[in-house]
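Written below as structure tokens is the structure these notes are about.
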Amino acid sequence: AYSVAVMGATGAVGTELLELLEERDFPLRELTLLASSRSAGKELVFKGRSIKVKAISDEDFADIDLVLASAGGSVSKEWAPKAATAGAVVVDNSSAFRMDPSVPLVVPEVNPEAALEHQGIIANPNCTTILMAVALWPLHQYQPIERIVVATYQSASGAGARAMEEVKQQAQAILQGEEPPTEAFPYPLAFNLFPHNSPLNDQGYCQEEMKMVNETRKIFGVSDLRVSATCVRVPVLRAHSEAINVEFKQPLDVAKALELLQAAPGVKVVEDWQANYFPMPVEASGQNDVLVGRVRCDLSHESGLELWLSGDQIRKGAALNAVQIAELLVS
Ligand code: HSE
């Protein structure tokens, strides 16, 4: 059994990590909970036992086998190398090391073998990228993908727990004819959407969009895969959705695509034409699987398919993917 530290234990992903370690009965010998000095001292319950959260700076990592880090990029940049030098393996949920050539970027359904080539740090990909990779990989293995054009519909919780609360407060204020609060978000998100979710680069793409481009290429091992993304923030509370247009080398018919998706790990096909029911974020919330549906031929391209997905970005898009990576290391 392993001595595990959860770094960023009091945050939304940290809380989910603890739930998953418990739910999946991860082989634990010792569990250390770490957070910023602001959150240190809090007590969290794991398997009925109360554990006091320590400040990250108090930990020397000498007795830790595995660190699940979800404390943000600057914390990871500082502490992940220290933990790795002390002999721990760090599964890092931030973007700090994802594009580092010496750090594997792993989605267990896609490239599990890469996890074993680590030099102390393994990166967990961006949430929208993980969800898309899980859905497209089974298709790509059967018929190579040449181009992906994706639009995301990202929930407020992707911007943090505080942002999620603010959307509710905004909705309430607007309905009461009051000025909506805008502390977590720059503008009201309630009854609205943002066409991008961070500042744009010179080419007009935001960070999240470039993560989808670069991380998908690295995970799929296709350095020149053509990917373009539009990442939109919508007033959904939890779970991200994506409308994906895929161009294959050769045509892939819908029946075959559905068969591949139905057999794929981590995917649940949700297509009920009679009930007019397809994947929705409210259904995806709290689920491990990525829900995929609306699989159809692209009317504009003979080798094209369109599909829709909804997936819990805090579960499979973050915490579950990290725990699955950890499971690969101990299996
Ligand atoms: N970058 C993501 C977002 C976070 O902003 O939605 C993943 O939940």
Side-chain angles (χ1 to χ4, degrees), residues 8 10-17 19-20 68-76 91-99 105-107 123-135 150-168 182-187 189-190 192-201 205-216 218-219 227 229-244 281-282 284-291 309-325:
T10 55
V13 175
T15 310
E16 202 76 17
L17 281 167
E19 262 182 52
L20 286 159
L68 298 171
S70 63
S74 55
V75 177
S76 286
V91 180
D92 181 37
N93 198 49
S94 81
S95 58
F97 302 98
R98 287 182 190 146
M99 296 314 296
L105 184 63
V106 179
V107 176
N124 207 33
N126 169 52
C127 53
T128 45
T129 310
I130 294 177
L131 302 177
M132 184 168 82
V134 169
V150 55
T152 69
Y153 302 74
Q154 296 181 224
S155 60
S157 54
R162 172 77 198 88
M164 185 166 141
E165 281 315 303
E166 186 166 280
V167 183
K168 294 186 209 165
T182 48
E183 279 157 30
F185 286 121
Y187 310 102
L189 182 64
N192 193 19
L193 60 77
F194 304 151
H196 62 308
N197 61 15
S198 53
L200 305 184
N201 68 12
Y205 284 84
C206 67
Q207 264 181 7
E208 184 90 356
E209 292 161 355
M210 292 317 295
K211 287 177 188 172
M212 293 195 84
V213 174
N214 295 321
E215 294 181 22
T216 305
K218 181 168 174 179
I219 297 160
V227 183
T230 303
C231 290
V232 178
R233 181 78 65 203
V234 294
V236 166
L237 291 181
R238 179 162 172 162
H240 290 358
S241 302
E242 302 179 20
I244 311 175
V282 166
S285 294
Q287 285 210 42
N288 288 349
D289 286 334
V290 177
L291 311 186
L309 67 79
S310 292
D312 189 323
Q313 93 283 3
I314 303 175
R315 274 220 151 202
K316 182 57 193 169
L320 175 63
N321 200 73
V323 172
Q324 287 172 323
I325 293 172

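Keep in mind it's a predicted model, so treat the numbers as computed, not measured. Each ligand, and each atom within it, is numbered from 1 in the order the structure gives.
- Taking a cutoff of 4.0 Å between a charged side-chain nitrogen and a carboxylate oxygen, Lys168 and Glu165 qualify as a salt bridge.
- A donor-acceptor pair shorter than 3.5 Å can be found between the side chains of Gln313 and Ser157.
- Between Glu16 and Arg238 there is a salt bridge, since at least one side-chain N of the basic residue sits less than 4.0 Å from a carboxylate O of the acidic one.
- Considering only heavy atoms from C-beta on, Arg98 stays 4.5 Å or farther from Asn214 through its side chain.
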Please produce the table of protein N or O atoms sitting under 3.5 Å from N or O atoms belonging to ligand 1, one pair a line, distance to 0.1 Å.
unit_1   : atom_1 : unit_2 : atom_2 : d
ligand 1 : 1 (N)  : Glu208 : OE1    : 2.7
ligand 1 : 1 (N)  : Glu208 : OE2    : 3.3
ligand 1 : 5 (O)  : Gly158 : O      : 3.4
ligand 1 : 5 (O)  : Arg233 : NH2    : 2.7
ligand 1 : 6 (O)  : Gln154 : NE2    : 2.8
ligand 1 : 6 (O)  : Arg233 : NH1    : 2.9
ligand 1 : 6 (O)  : His240 : NE2    : 2.9

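- Within the 4.5 Å cutoff, no side-chain heavy atoms of Lys316 are placed close to those of Gln287.
- For the pair Glu208 and Cys127, the minimum side-chain heavy-atom distance is below 4.5 Å.
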